[in-house]
Visitor: 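Handing you a structure now.
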Amino acid sequence: MLKKKEKALIKQTWDKLTPVAEDIGADALLRMFAAYPGSKTYFSHVDISPGSPHLLSHGKKIVLAIAEAAKDISQLTVTLAPLQTFHAYQLRIDPTNFKLFSHCMLVTLACHMGEDFTPTAHAAMDKFLSAFAAVLAEKYR
Amino acid sequence: MLQKTRATKMVEWTDFERDTIQNIFAQLDYEEIGPAALSRCLVVYPWTQRYFGKFGNLYNAAAIKSNPMIAVHGKTILHGLDRAVKNMDDIKTAYKELSVLHSEKLHVDPDNFKLLADCLTIVLAAKLGSAFTPDVQAAFQKFMAVVVNSLGRQYH
């Protein structure tokens, strides 16, 4: 359960990351591809090597979607409704991958923020990304 | 008649993976990282505090961070990883006793090992920054996965 202070911290963090959305997103994706090779199967038709245009644009897309949701966490289901449909009916990414990506995003944030990624910030972020992933998978069945 | 011995499935490590693990632990400040990982685990996954009823004040993140018993225990746990670092080719055997200890004496749910491993990964990432590349992360996570698996093997 996210407390008021945590929601504010999450919103603040993603506001700051929006200008570097591309770098953050691409980094998290690369970490996921390296640590969980099965996740690459969803990208067999594109070039996702480091620095590739698709990797950068895809990373940016994901981070901007997360940042948008962070602006009003109490409205997650409303904000994510279109993406829920997209993931359930078009993409059909196995939701286990959401957990893997979330973990890699936490690692990216840790690398990026260093000691500013305190245990409290980590806890809040983990809770937010878990909630985000759960809502994203809601229309699957 | 020749008896066929059951082939042990060995974990295979690339040179990069071996070097990465040895390097990480060679430059690790156990005094800092051990306590940081354990206290983070207690904050991020508060239910893990169930195993630390006798450790005193765990009321909030600040209390956990400054708790001396947690700090000592964090160091102990991290040094426990040394056995795996020194026996990468048979972590399973190296951790047989520790696995029995965690199961029979400490009664720790093995799911907790993964939680601590994840926190250690994050602490390392925060410490090493860009040096914690995707490939280094993958090698470290593979190592920790073997450790976690070995620690859970003797549970029954």
Side-chain angles (χ1 to χ4, degrees), chain A residues 1-3 5-6 9-10 13 20 23-40 43 48-52 55-56 59 96 99-131, chain B residues 14 16-17 20 29 32-33 35-49 58-67 70-71 74 111 114-146 148:
Chain A
M1 227 184 57
L2 280 164
K3 300 178 211 130
K5 247 200 265 184
E6 290 177 310
L9 177 63
I10 292 162
T13 304
V20 287
D23 298 324
I24 296 293
D27 189 68
L29 283 169
L30 280 174
R31 289 182 184 285
M32 184 177 68
F33 297 148
Y36 311 106
S39 61
K40 290 190 289 185
F43 297 87
I48 43 167
S49 54
S52 63
L55 182 78
L56 295 169
T96 311
K99 277 203 189 103
L100 305 182
F101 181 75
S102 297
H103 169 74
C104 290
M105 179 54 80
L106 292 176
V107 176
T108 295
L109 293 176
C111 289
H112 188 83
M113 295 169 63
E115 53 177 41
D116 285 344
F117 196 57
T118 61
T120 307
H122 174 173
M125 202 52 80
D126 192 17
K127 288 197 275 186
F128 169 61
L129 292 176
S130 300
Chain B
T14 64
F16 173 79
E17 287 167 342
T20 297
D29 180 355
E32 183 198 341
I33 301 296
L38 180 58
S39 56
R40 185 170 289 252
C41 191
L42 297 173
V43 171
V44 178
Y45 310 110
W47 55 91
T48 57
Q49 293 171 26
L58 301 178
Y59 188 65
N60 55 30
I64 292 170
K65 190 175 177 184
S66 58
N67 185 311
I70 293 294
D111 287 343
K114 181 160 193 315
L115 300 182
L116 183 58
D118 284 349
C119 284
L120 180 56
T121 303
I122 299 287
V123 166
L124 265 182
K127 184 82 191 172
L128 300 177
S130 55
F132 198 63
T133 64
D135 287 336
V136 167
Q137 177 186 344
F140 185 72
Q141 287 191 190
K142 178 176 169 179
F143 173 74
M144 289 310 294
V146 175
V148 163

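In the text below, chain A, chain B and the rest are named by the order of the sequence lines, each starting its count at 1.
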Visitor: Go through the atoms of A/Tyr36 and report whether side chain, backbone, both or neither lie under 4.5 Å from a heavy atom of chain B.
Guide: side chain
Visitor: Could you check which of A/Glu115, A/Lys127, A/His103, A/Met113 has the highest count of heavy-atom pairs closer than 4.5 Å to chain B?
Guide: A/His103
Visitor: Taking 4.5 Å as the heavy-atom cut-off, does anything in residues 105-112 of chain A contact chain B, and if so which residues?
Guide: A/Leu106, A/Val107, A/Ala110, A/Cys111
Visitor: For A/Thr120 versus B/Ala61, what's the shortest heavy-atom pair and its separation?
Guide: OG1-CB, 3.7 Å
Visitor: Could you tell me which of B/Ala125, B/Ala139, B/Ala138 has the largest number of non-hydrogen atom pairs under 4.5 Å with chain A?
Guide: B/Ala125
Visitor: Side chain, backbone, both or neither: which part of B/Phe140 has a non-hydrogen atom closer than 4.5 Å to chain A?
Guide: neither
Visitor: Nearest 0.5 Å, what's the CZ-CG distance between A/Arg31 and B/Asp135?
Guide: 9.5 Å
Visitor: Counting heavy atoms not belonging to B/Lys114, are there more than 12 under 6.0 Å from its NZ?
Guide: no
